[in-house]
Amino acid sequence: MRETRLRFPPSPTGYLHIGGARTALYNWLYAKKHGGKLILRIEDTDEDRSTEESIQGILDSLEWLGIDYDEGPYFQTEFAKDHIDAAQTLLTKGVAYKCFCTREELETKREAALAKKGHLGYDRTCRCLTAEQLKEKEAAGLPFVLRFKIPERTGLHSYNDEILGRIQVDYKEMDDFVIVRSNGKPLYLLCNVVDDIRDRISHVIRGQDHMTNTLKQVLLYEALDAPLPIFAHMPLTLDTKKAKISKRSHGEIVAVQFYRDKGFIPWAFNNFLALLGWSAGNDQEFFSKEELIEQFSLERINKSSAIFNYRKNDPKFFTDPKAIYFNEHYLRTMDIKALGELVRVELELDNLWDDSYAGDREEWYLSTLDLIRDRFHTLKDFTTLGRAYFADDFTVEEKPLKKNILKNESLKEWFPELANRYEQLSDFNLEETERVARELASELDIKPGILINGMRTAVTGQLAGPSMFDILVTLGQDKIVARLRNIHLLFA
RNA sequence: GUCCCCAUCGUCUAGUCAGGUCCAGGACAUCGCCCUUUCACGGCGACAACACCGGUUCGAAUCCGGUUGGGGACGCCA
């Protein structure tokens with residue numbers, strides 16, 4: 001019985017995007033479920049595009065998501081010798097050959113093929129070189145690449161995909177693909193296989209964009225006398241125009257870091273991602289980490305691709321509404337202490353954190369979060385919409401200012417009066433604050449709502465919020481009295 | 001263009017492998033109503049899909065074939 005070993009091999013050519021994150025997540029889930037190992041391997045063989053910055057970005061993103069690994073990160077470039085040795089083996093075995101065709105020649109042939117509407121593969125010119133021709137070219141010191149020889153077989157080449165079923169193609173459709181560049185550096189197709197063999201990878205879970213690569217790689221495993229891993233090609237995540245999501249064309253909206261910076265709860269995002277292409281087979285959509293690991297299976301991964309339905313320039317949603325919905329769900333249902341930790345980070349970032357929130361005011365801190373979290377969408381809302389609970393420099397929003405304050409100029413006199421009465425209260429509680437407010441309203445012969453809604457705006461800056469008297473008690477007598485007395489500032 | 005893969009509400013999906021219980025269920029979004037001092041949550045409801053055409057069958061979202069549509073791959077990128 002083979003050990004269960006999976007890998008996530010990002011190429012460090014940019015940030016981790018949601019497609020990559022989902023791939024990492026599925027691999028992670030499978031490894032966890034089966035007591036296997038997850039290996040992180042940075043495939044940095046594209047020296048032109050790999051950057052230190054993106055390596056760090058990927059590492060940070062995985063850490064934020066909570067996707068941990070058992071081995072690595074390994075760096076593909078550190079195993080260059082393995083790759084070169086393997087290429088040499090293939091050449092010696094006669095299953096690879098030197099190709100001296102220049103890029104220009106190839107390009108010309110490619111264009112000709114395109115014009116002729118045929119297939120675009122290499123025409124095997126150098127595969128048919130005689131021994132003399134080969135010697136001649138070698139003696140001339142011509143640059144060459146190494147190509148893999150597609151076996152001389154008739155019929156279909158195939159492999160079994162755990163998600164897609166049997167994938168097959170006619171041998172004659174397959175091209176002699178390049179495995180080593182003219183500068184001597186092996187290419188992805190080979191490196192990837194060599195590394196997977198060395199790392200004893202048992203399951204390859206990756207995107208469907210690798211499906212045709214797999215057909216070639218299976219041949220490589222065969223040529224290298226290595227056992228085949230189990231392959232599972234998951235559906236791609238497409239954009240709203242059904243194009244493959246990529247770092248280059250979509251920017252930050254598909255970057256994992258964007259969601260961290262927007263105040264997403266890591267697990268909420270994982271949960272959302274997990275459901276983009278997989279379902280438990282019933283109506284359940286919220287899963288704890290343990291539940292998801294328990295229930296995850298390759299068989300239930302969809303065959304067809306999923307659309308990441310993000311919205312841009314939408315006043316209400318800055319990304320896929322369902323992603324936000326998941327975040328909201330966790331925001332209002334998660335353990336309040338755990339939420340407290342997450343919000344703490346946000347408060348600290350904005351210099352709003354007070355150490356007493358973790359000390360003698362912890363109860364106040366947590367109950368305040370509990371009071372206000374229902375209306376919030378992201379962790380960022382605690383320092384923006386909820387700023388008034390933690391600081392005096394909150395902004396008063398335009399709309400409620402007009403509607404609840406400026407419309408009633410008399411509030412300039414009423415609020416200081418209300419403040420006086422509140423100041424007199426020996427017990428500043430729900431019942432008393434409400435009684436006093438309603439009494440004053442009735443004395444003034446106005447609807448209580450005028451005072452109540454006005455207060456909400458004056459003390460929180462918001463149009464909407466929790467029950468007004470909960471707010472009063474939470475903020476406390478001193479702050480309320482002061483903010484009510486400052487009402488004139490709002491008319492300035 | 002060639003090859004490979006896919007096809008259920010706007011989006012994520014259940015149902016497809018073992019055809020009837022599906023004039024297709026859930027969720028998000030949208031729209032109503034209820035709750036309410038506000039807003040949200042919550043509750044209730046509405047809108048909304050089996051791509052098309054054939055075939056097999058007593059019966060097809062489910063099986064088969066074709067068409068169309070979509071995606072991916074076709075690099076000295078990974």
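Just so it is clear: chains get the letters A, B, ... in the order the sequence lines come, proteins before strands, and each one is counted from 1. This structure is a prediction, so every number in the text was calculated from the model and none was measured.
Contact record, A:G19 with A:T237: CA-OG1, 3.6 Å, taken as the closest heavy-atom pair. Shortest non-hydrogen contact noted between A:P12 and A:S54 is O-OG, 2.6 Å.
The shortest distance between the side-chain N/O atoms of A:N453 and the OP1/OP2 oxygens of B:C39 is not below 4.0 Å. For B:G75, the OP1/OP2 oxygens have a side-chain nitrogen or oxygen of A:R110 closer than 4.0 Å. Using a 4.0 Å cut-off, no side-chain N or O of A:T212 falls inside it from OP1 or OP2 of B:C74. Put simply, A:K316 has a side-chain N or O that comes within less than 4.0 Å of OP1 or OP2 on B:U30. At least one side-chain nitrogen or oxygen of A:Y325 sits closer than 4.0 Å to the OP1 or OP2 atom of B:C28. Taking side-chain N and O atoms only, A:R206 has no distance below 4.0 Å to OP1 or OP2 of B:G72. The side chain of A:K303 places an N or O atom within less than 4.0 Å of a non-bridging phosphate oxygen (OP1 or OP2) of B:C6. OP1 or OP2 of B:A14 lies within a sub-4.0 Å distance of a side-chain N or O belonging to A:S279. Phosphate proximity of B:G15 to A:R300: present, with a side-chain N or O under 4.0 Å from OP1 or OP2.
Rounded to an integer number of Å, the gap from NZ of A:K322 to C1' of B:A27 is 4 Å. In this structure, the CZ atom of A:F317 is 5 Å from the P atom of B:A29, given to the nearest Å. Atom CG of A:N327 and atom C1' of B:C28 are 14 Å apart (whole Å). One interatomic measurement links the two molecules: NE2 of A:H83 to P of B:C76, which rounds to 19 Å at whole-angstrom precision. Across the protein-nucleic acid pair, A:L164 atom CG and B:A73 atom P stand 14 Å apart, rounded to whole Å. Atom pair A:D209:CG and B:G75:P shows a separation of 15 Å (rounding to whole Å applied). Distance A:F287 CZ to B:U13 P: 13 Å, rounded to the nearest Å.
Residue A:D175 is classed as a sugar-phosphate contact, given heavy-atom separations below 4.0 Å to backbone atoms only. Among the heavy atoms of the strands lying under 4.0 Å from A:L276 are primed sugar atoms or P, OP1, OP2 only; no base atom is included. Residue A:K244 is classed as a sugar-phosphate contact, given heavy-atom separations below 4.0 Å to backbone atoms only. Counting non-hydrogen atoms under 4.0 angstrom, A:Q168 reaches the backbone sugars and phosphates but no base.
Going from the P atom of B:G71 to that of B:A48 covers 28 Å, rounded to whole Å. Rounded to the nearest Å, the gap between the C1' atom of B:A29 and that of B:G65 is 38 Å. Nucleotides B:G26 and B:U68, compared at atom P, are 36 Å apart to the nearest Å. Across the P atoms, B:A27 and B:C41 are found 15 Å apart, a figure rounded to whole Å. To the nearest whole angstrom, the two P atoms, one in B:U16 and one in B:C53, are 24 Å apart. Across the P atoms, B:G32 and B:A40 are found 12 Å apart, a figure rounded to whole Å.
Both A:C101 and A:D374 sit near RNA chain B, but only A:D374 has its closest nucleotide nearer the 5' end.
Between A:F269 and A:Y259, the two ring planes are parallel [angle under 30°; tilted spans 30° to 60°].
Under the Watson-Crick and G-U wobble criteria, each requiring two contacts below 3.5 Å, nucleotide B:G69 is paired to B:C6.
For A:E53, the CD atom sits in a loose shell: 12 or fewer heavy atoms of surrounding residues, nucleotides or ligands are nearer than 6.0 Å.
A distance cut-off of 5.5 Å between ring centres, combined with a plane angle under 30°, leaves A:H210 outside any stacking arrangement with the base of B:G72.
The cationic group of A:R332 does not satisfy the cation-pi geometry with A:F376, failing either the under 6.0 Å distance to the six-membered ring centre or the 45° limit from the ring axis.
A 4.5 Å side-chain heavy-atom check between A:I167 and A:T214 finds every atom pair outside the cut-off.
One cannot find a donor-acceptor pair under 3.5 Å joining the base of B:A29 and the side-chain atoms of A:N309.
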